[in-house]
Amino acid sequence: MTVGQVLLVGAVALPAVGALAVAGMPARLDRAARILGTVIAGAVLAVTAGLALGERTWFAYLDGSPVVRPWHEVDVVWAESLDLAFHLGVDGISWPLVALTALLTLLCCLYSLWTVPAPGRGRLLVALLLAIECGILGVFLSLDLVLFFVFFEVVLLPMYAVIAVWGGLDRRHAAVKFVLYTLAGSVLLVVGIFTVVAAAGTSDLVVLSTQAGAGISHGTQVAAFVLLALAFAVKSPLWPLHTWLPDAHTEAPTVGSVILAGVLLKMGTYGLIRVAVGTVPDGARQLAPVLGVLAVAAILVGSLVCLAQTELKRLIAYSSVGHMGFVLLGIATLSATGLQAALIGNIAHGVITGLLFFLAGAIKDRAHTGVLTSLGGLRDTSPLLAGLLGYAAIASLGLPGLAGFWGEAFAVYAAIDRGGALWTTAGVLAAVGGALTAAYLLRLLRTVTHGPAAPAVTGLPRVTTVELITWAPLVVLALLLGVVPGIVLDTTIAPVNALIEAVAP
Amino acid sequence: MEELHLPPIDYAAIAPLLLVFGAGCVGVLVEAFVPRAWRYRVQVPLLLAGLVAALIALISVADKRVSTAGGALAIDGPALFLQGGLVALGIVSVLLIAERRVERGGAFVAQASVVAGTDSDRRQSSQPGATEVYPLTAFALGGMMLFCAANDLVTMFVALEVFSLPLYLLCALARRRRLLSQEASVKYFLLGAFSSAFFLYGVALLYGFAGTMSFTGLREAAAEAGSEDTLLFLGIAMLSVGLLFKAAMVPFHVWTPDVYQGAPTPVTGMMAACTKLAAFGGILRVFTVGFADINLDWEPILIAVAIATMLVGAVMAVTQTDIKRLLAYSSIANAGYVFTGVLALSEEGVAGTMFYLVAYGFTVLAAFAVVTLVRDADGEATHLSRWAGLGRRSPLFAGLFTVLMLAFAGIPLTSGFTSKFAVFSAALGADQVTLVIVGLISSAVLAFPYLRVVVLMYLSEPAEDTPTVSLPGVFTSLALVIGLVATIGLGVVPGPVLELAEQASSFIG
């Protein structure tokens with residue numbers, strides 16, 4: 001095995017083994033177990049960073065070469081008689097998400113070192129975080145449809161447990177709703193995957209993307225795309241299938257919200273690009289307008305609902321609906337610009353919303369309330385928290401120079417560039433949605449940071465060093481991605497071009 | 001008088017059968033001649049030794065593909081694989097049946113027919129159980145093995161009765177809740193007798209149609225007759241009723257929840273694992289060897305049956321409040337999933353079906369093993385509300401049961417996923433798209449009752465009188481470990497067993 005292959009297997013195996021090890025430690029070693037988990041999460045980050053090293057095949061996208069050209073690849077037979085393959089690989093589309101997942105998990109583990117929400121038992125929380133990491137990394141690294149589904153499912157139950165055990169007051173309801181929606185999505189996904197596999201005769205994503213739907217009839221492609229898109233739309237989430245998200249986000253503990261918003265939702269958009277668009281492009285072309293209209297609806301509905309929110313975490317949760325709308329709009333245009341916008345939007349949203357949820361959690365833990373009006377005057381009592389919240393909110397609303405800008409601006413650009421009445425309207429409406437986004441985030445800042453100090457925010461405990469260490473990478477990344485978007489875009493451009501060439505000739 | 005010619009018999013090929021039946025016969029002699037105090041200590045090792053010997057014999061004849069005893073028995077790939085599965089699952093069942101640590105004297109009483117509630121019945125509840133259960137189990141398992149290898153209708157019927165009758169009796173022997181147990185037994189017996197009658201009537205009609213009992217002969221006759229013959233179709237219909245009853249398929253499933261609930265839990269486990277396997281062994285042979293050539297005619301009806309089974313089983317499971325009834329309905333739904341593999345009518349389907357049966361058997365036995373351990377003063381606490389908060393009281397068993405529930409729900413990396421994948425992809429390969437879609441929807445529905453149990457165990461506050469989990473004896477622990485290892489092993493590395501099933505997937509004759 002080459003170094004790259006070892007790293008690939010390590011990226012999936014390490015969190016899994018780590019989860020078992022951490023969960024298996026006795027209760028009296030709780031803190032030691034959490035430290036162990038954090039060390040493992042750090043090791044996983046190092047492994048995923050290592051994946052970017054080595055020889056990359058930037059320029060090998062020639063005619064006839066596969067559409068997916070992984071930098072590293074492992075292809076082991078898992079169960080021959082079922083045609084199951086343990087096929088992992090990393091390329092420019094997946095690597096940024098892989099790194100983001102590893103980073104956010106590490107930060108969440110670090111955060112859990114410092115504080116564990118009721119009812120305690122932090123080592124189990126850390127173990128579940130690692131289990132979720134294993135599943136998400138597996139989803140991003142799978143180059144086999146069935147394996148993709150397997151990892152997709154692995155994420156579900158640990159996330160359910162995180163919400164149901166460590167969540168807020170209404171956690172049971174939120175957790176059950178999360179499971180119901182996600183299970184329904186899984187059924188659609190597995191039917192869709194079965195349809196594609198049965199029609200194409202292989203479950204290998206490299207082969208499927210290269211064939212680009214050749215040999216699958218138009219009707220089948222449309223049906224498969226509908227199934228797959230619905231499944232991923234539940235996960236992303238796309239309006240009107242989003243209603244599980246605000247509940248889950250609001251009730252989940254801080255680390256749960258961060259993982260959920262930061263990377264879990266990305267499984268949906270990543271799946272849409274790699275699986276749905278990649279394997280049945282005919283269906284994608286047919287249904288792209290529908291997807292685009294829904295994405296614009298999500299942007300507008302998300303922003304309008306945000307304007308009416310009175311609770312901090314819920315507002316951030318709904319803002320995800322809008323932001324993911326931009327990502328989906330980018331995908332729906334089926335153009336290189338749109339996909340690029342979607343991919344950088346994914347990363348930016350993960351960084352910024354991760355930071356926002358960390359901050360919201362910190363504020364709620366201190367003030368014991370999330371109601372916006374009772375958080376007024378935070379700037380006077382805790383300038384650091386207010387300042388960071390302001391920074392994250394401004395990054396989120398898409399100020400040029402910060403990470404949120406590129407994804408939203410280029411999604412709108414891609415829609416207008418696509419031309420025609422439908423796409424132009426979509427682009428214009430999305431731009432209006434962008435303005436609304438700015439409006440609700442500024443409204444949030446006005447209520448929370450300005451005005452006289454409310455009783456809830458007086459005498460807040462100071463921000464600890466652990467918290468600052470946890471937030472610092474996200475703060476830096478939000479700026480870095482805004483100033484040098486090339487660190488993501490240069491990685492994604494080659495595989496995106498190859499994909500677009502195959503999908504939209 | 002004409003001289004009677006005995007057909008040549010390949011004794012090596014039927015050695016496994018002979019060993020299991022032999023263990024049963026010796027067991028009867030033990031009952032007659034060994035002092036009462038020693039019987040338990042003799043019977044259990046005897047039966048286990050018999051089963052292990054049968055397993056070894058099966059492995060040594062694994063490459064045989066013969067038709068023997070004048071064509072009455074077909075020792076081919078499926079027969080050997082299913083017999084192997086039966087013996088392996090049988091060993092686990094016997095371990096559960098032999099457990100005497102959890103309940104003083106074991107889960108069985110000596111006499112089935114003493115009127116419930118009378119003095120003599122109360123007396124026997126406090127005495128150690130009878131050891132007749134071991135020979136009965138041996139005969140049941142032997143009958144099931146014969147059923148999987150039967151190559152003509154008469155042998156099949158004999159095998160059906162050989163394995164059914166001991167089961168009827170075993171159902172009535174539960175130490176606790178005697179009345180429920182007797183009711184289960186009577187219900188199972190009466191309905192089982194009806195289904196046997198249907199089966200026999202079907203056999204008669206088919207004989208009238210073809211003039212032969214052997215499946216090969218039937219297939220040839222059916223191919224000639226085309227699809228017009230009334231006798232043939234009535235015969236197939238009647239035969240199917242008998243087979244579907246044993247497999248607990250809708251609409252012949254109504255006995256399942258009552259019998260599963262009333263029977264002693266180790267016997268319930270054996271019925272869910274072994275009887276199901278045997279029934280599908282018979283179904284596979286009848287529909288792939290006997291009537292495969294005229295499948296277009298009977299297929300739509302059986303597809304409807306499979307769909308109804310999957311949906312009814314899943315939907316009814318959602319409403320259950322008793323863990324044994326829940327597992328009963330889930331076993332009905334699982335019969336539907338297995339049937340999709342049968343209806344693929346391909347070697348892939350046969351392999352998937354056989355893999356499913358074995359994988360499911362281990363999981364369901366382990367699940368019932370946990371059920372035997374959750375007890376209060378009145379014996380097993382099977383009502384679901386009594387399981388609330390079990391995760392706090394005994395995290396180990398709650399965790400174990402969670403893994404089993406996840407396997408039932410078909411979560412990846414458990415045998416539940418690989419086996420569903422195997423049958424559904426076989427069905428897709430045969431263009432049974434509707435079946436697969438219904439199957440997936442039904443699995444999603446069925447995931448809820450399982451998850452509900454998990455949620456109940458972990459997230460509900462334990463009540464004052466939450467039952468304790470008894471410490472299992474060696475036998476139950478062993479059964480649990482085997483079940484768990486198989487559940488996870490077949491989920492993570494399904495390759496070897498699947499390959500074995502695939503190599504064994506073609507029938508002879």
Side-chain angles (χ1 to χ4, degrees), chain A residues 16 23-24 27 76-86 119 121 124 131 134-135 138 146-158 160-161 163-165 167 171-172 175-176 179-180 182-199 201 203 220 223 227, chain B residues 347-348 351-352 355 391-392 395 399 402 405-406 409-414 417-433 436-448 451-452 454-455 458-460 490-503 505:
Chain A
V76 189
V77 173
W78 180 15
E80 197 173 6
S81 27
L82 292 183
D83 284 333
L84 283 182
F86 192 79
R121 290 197 281 178
L124 292 184
C134 166
V146 178
L147 192 65
F148 178 91
F149 174 73
V150 167
F151 281 118
F152 208 83
E153 287 294 276
V154 166
V155 177
L156 168 66
L157 287 167
Y160 167 77
I163 300 174
V165 177
R171 56 183 182 267
R172 292 278 295 280
V176 168
V179 165
L180 281 174
T182 319
L183 264 186
S186 296
V187 173
L188 294 169
L189 178 61
V190 75
V191 177
I193 284 181
F194 265 128
T195 315
V196 173
V197 173
S203 62
T220 315
L227 289 166
Chain B
E347 292 203 350
E348 213 189 345
F355 179 78
R392 308 264 170 88
T402 306
M405 288 290 111
L406 295 184
I411 301 292
L413 303 182
T414 62
F417 175 74
T418 35
S419 46
K420 281 206 181 74
F421 189 88
V423 287
F424 287 158
S425 57
L428 263 188
D431 284 332
Q432 300 282 14
V433 183
V436 174
I437 290 174
V438 174
L440 291 167
I441 292 171
S442 145
S443 334
V445 174
L446 197 53
F448 287 107
L451 292 179
R452 205 182 58 191
V454 173
V455 170
Y458 283 103
L459 299 179
S460 301
L490 293 179
V492 178
V493 256
V497 179
L498 259 175
E499 264 162 44
L500 202 63
E502 216 150 71
Q503 285 159 14
S505 61

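Every chain is numbered from 1 and lettered A, B, ... according to where its sequence line falls, protein lines coming before strand lines.
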Leu156(A) versus chain B, heavy atoms under 4.5 Å apart: side chain, backbone, both or neither?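 Interface part for Leu156(A): neither.
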
Contacting moiety of Val77(A), where chain B heavy atoms sit under 4.5 Å: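 Neither part; nothing is under 4.5 Å.
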
Tell me, out of Val493(B), Val492(B), Asp431(B), Thr418(B), who's got the most heavy-atom pairs with chain A below 4.5 Å.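 Of the options given, most contacts go to Val492(B).
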
Working for side-chain contact (heavy atoms from CB on, under 4.5 Å), residues Phe421(B) and Val190(A): CA-CA 10 Å; Phe421(B) 189 88; Val190(A) 75; over 6 Å; no

Under 4.5 Å between any side-chain heavy atoms of Val191(A) and Ile441(B), yes or no?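 No - every pair of side-chain heavy atoms lies 4.5 Å or more apart.
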
Check whether [X] gets within reach of chain A through its side chain, its backbone, both or neither, counting any heavy atom under 4.5 Å.
X: Leu498(B); result: both
X: Ala422(B); result: both
X: Leu440(B); result: both
X: Glu502(B); result: side chain
X: Phe448(B); result: side chain

Measuring from atom CG of Leu406(B) to atom CG of Leu157(A), what distance do you get when rounded to the nearest 0.5 angstrom?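 Reported value, rounded in 0.5 Å steps: 5.5 Å.
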
Option that, when pairs with chain B are counted at under 4.5 Å, heavy atom only, ranks first among Thr195(A), Val146(A), Leu188(A), Val197(A):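 That would be Val146(A).
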
